[in-house]
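Down below is the structure, laid out as structure tokens.
The model shown is predicted, which means the values in this text are computed figures rather than measured ones.
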Amino acid sequence: MFITGTDTGVGKTIVTSALAAALRAEGLDAGVWKPVQSGCLLGRGATDAERLLQSTGICERPEAVAPFTFEAPLSPMLAARLEGVTLSLQEIIAAGEPLIGRYQTLLIEGAGGVAVPLTEDALVIDLISMLQVPVLIVARAGLGTINHTLLTISFLQQRGIPIVGIIINNSEGVDALDDPSIATNTELIERYSGGLKVLGHFPYLHDEANPETLIHSVRRSIQLVPIRQALLLQGGDDHPLDETRT
């Protein structure tokens, strides 16, 4: 399953970590994969891949989870270009083969949203299409999220990519007193998206996330059944990597 956001900084990493931790606690052998990341180098504990491992307890090397890491806080394509690297979708997918072989299923965290430039000639949505996996959308809680979420849904649907649902992440700790749109955003997203479901509201975590806190938060706030079903179907299919090898 591919976890995308409606924007950068919406909390994909914390949601991906929480889902992976909760599913693994239930006995599902789920791994994590961050195909490309930018904004920080490995080794400082601050990259998305390192946070995914710290928060889930998965025993992997960060460079295995994130085979392509670039320092500049730019889109992956531009960050790679600054370092003299030209990415291709084939290389990105091939770098994930070891993880695909080691786990029953994978939670794949994207970079920003679906229209972020990933290579010189491809967006994140092109990687999703090649992987042939369903998508879970992480959206902001507050004002503006309806527009961002519906645009993301529309783009995915135009490409025929199945959407498992939406998780609203209250990453900024706002409440209905500060932002009255929060009270109606879920209802309106479900109405105008044609029936797609918001699977829950992930709460703002005041303290540093650890596996126990994440598992508790997911069990309390997220509908796991559709996510689990989508992952099991994904893990049971012949993987599209067999078709994309050259």
Side-chain angles (χ1 to χ4, degrees), residues 1-5 8 12-13 16-17 19-20 23 28-39 42 47-53 56 58 60-70 74-138 152 155-164 227 230-246:
M1 177 185 295
F2 200 99
I3 299 176
T4 192
T8 190
K12 295 185 304 300
T13 301
T16 303
S17 297
L19 292 175
L23 292 165
L28 183 64
D29 184 25
V32 291
W33 178 22
K34 179 81 177 185
V36 184
Q37 61 182 357
S38 57
L42 290 170
T47 66
D48 289 346
E50 289 165 305
R51 291 165 57 209
L52 286 169
L53 295 177
T56 59
I58 294 174
E60 285 282 359
R61 293 174 296 108
E63 57 268 29
V65 170
F68 298 98
T69 298
F70 304 101
L74 299 168
S75 69
M77 181 270 285
L78 289 175
R81 182 191 289 174
L82 282 179
E83 297 186 24
V85 176
T86 302
L87 292 171
S88 72
L89 291 182
Q90 290 76 14
E91 289 175 316
I92 292 170
I93 292 174
E97 289 184 351
L99 290 173
I100 291 167
R102 280 201 289 276
Y103 294 95
Q104 182 181 3
T105 190
L106 282 179
L107 293 171
I108 308 164
E109 184 192 338
V114 291
V116 166
L118 190 59
T119 75
E120 294 288 344
D121 57 2
L123 305 175
V124 167
I125 198 169
D126 297 305
L127 175 63
I128 299 171
S129 294
M130 287 190 71
L131 289 171
Q132 298 178 26
V133 291
V135 169
L136 181 69
I137 299 170
V138 179
T152 300
F155 197 19
L156 289 165
Q157 289 176 335
Q158 287 175 28
R159 299 288 290 270
I161 296 170
I163 302 170
V164 178
I227 296 171
L231 283 167
L232 289 173
L233 285 173
Q234 171 190 324
D237 293 340
D238 292 332
H239 202 278
L241 279 180
D242 295 333
E243 302 172 10
T244 57
R245 290 192 182 99
T246 57

### Task
I would like to know whether L127 and T119 meet side chain to side chain contact (heavy atoms under 4.5 Å, CB included); could you show each step before the answer?
CA-CA 10 Å; L127 175 63; T119 75; over 6 Å; no
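- Of the possible donor and acceptor atoms, one in the side chain of K34 sits under 3.5 Å from a partner among the backbone N and O of G110.
- Under the side-chain contact (heavy atoms from CB on, under 4.5 Å) test applied with L118, the options S75, P76, S88, P35 reduce to a single match, P76.
- The minimum heavy-atom distance between V32 and A20, with the atom names listed, is CG1-CB, 3.8 Å.
- Within the 4.5 Å cutoff, side-chain heavy atoms of Q157 are placed close to those of I163.
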### Message
Walk me through whether T152 and L156 qualify under side chain to side chain contact (heavy atoms under 4.5 Å, CB included).
### Response
CA-CA 6 Å; T152 300; L156 289 165; 4.1 Å; yes
#### Entry: Evaluation steps, side chain to side chain contact (heavy atoms under 4.5 Å, CB included), between L106 and M1
CA-CA 6 Å; L106 282 179; M1 177 185 295; over 6 Å; no
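- Between S129 and I161, the shortest heavy-atom distance links the atoms OG-CD1, 3.6 Å.
- Note that CG of L53 and CD of E60 are 7.0 Å apart. Values are rounded to the nearest 0.5 Å.
- Between atom CZ of residue R51 and atom OG1 of residue T56 there is a gap of 12.0 Å, rounded to the nearest 0.5 Å.
- Heavy-atom minimum distance, W33 versus I92: CZ2-O, 3.5 Å.
- Y103 OH to I58 CD1: the interatomic distance, rounded to the nearest 0.5 Å, is 5.5 Å.
- A salt bridge links R159 to D126: one of the charged nitrogens lies within less than 4.0 Å of a carboxylate oxygen.
- Here the CG atom belonging to L233 is positioned 9.5 Å from the OG1 atom belonging to T105, to the nearest 0.5 angstrom.
- Closest heavy-atom contact between A64 and L99: O-CD1, 3.4 Å.
- For the 3.5 Å distance criterion, the side chains of T86 and E120 fail to qualify, holding no donor opposite an acceptor.
- Of the possible donor and acceptor atoms, one in the side chain of E50 sits under 3.5 Å from a partner among the backbone N and O of T47.
- To the nearest 0.5 Å, atom CZ of residue F2 and atom CD1 of residue I108 are 6.5 Å apart.
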#### Entry: Test side chain to side chain donor-acceptor pair (under 3.5 Å) applied to T13 and E109, step by step
CA-CA 7 Å; T13 301; E109 184 192 338; 2.7 Å; yes
### Message
Evaluate T16 against D48 for side chain to side chain contact (heavy atoms under 4.5 Å, CB included), listing each step before the verdict.
### Response
CA-CA 10 Å; T16 303; D48 289 346; over 6 Å; no
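- Nearest heavy-atom pair across L87 and V36 is CD1-CG1, 4.1 Å.
- Looking at every heavy atom in both residues, L74 comes nearest to A79 through CB-N, 4.1 Å.
- Between L231 and L107, the closest side-chain pair of non-hydrogen atoms falls below 4.5 Å.
- Side-chain atoms of Q37 come within 3.5 Å of backbone atoms of A49 as a donor-acceptor pair (strictly under, hydrogens ignored).
- Taken to the nearest 0.5 Å, the OG1 atom of T4 stands 9.5 Å off from the CG atom of L136.
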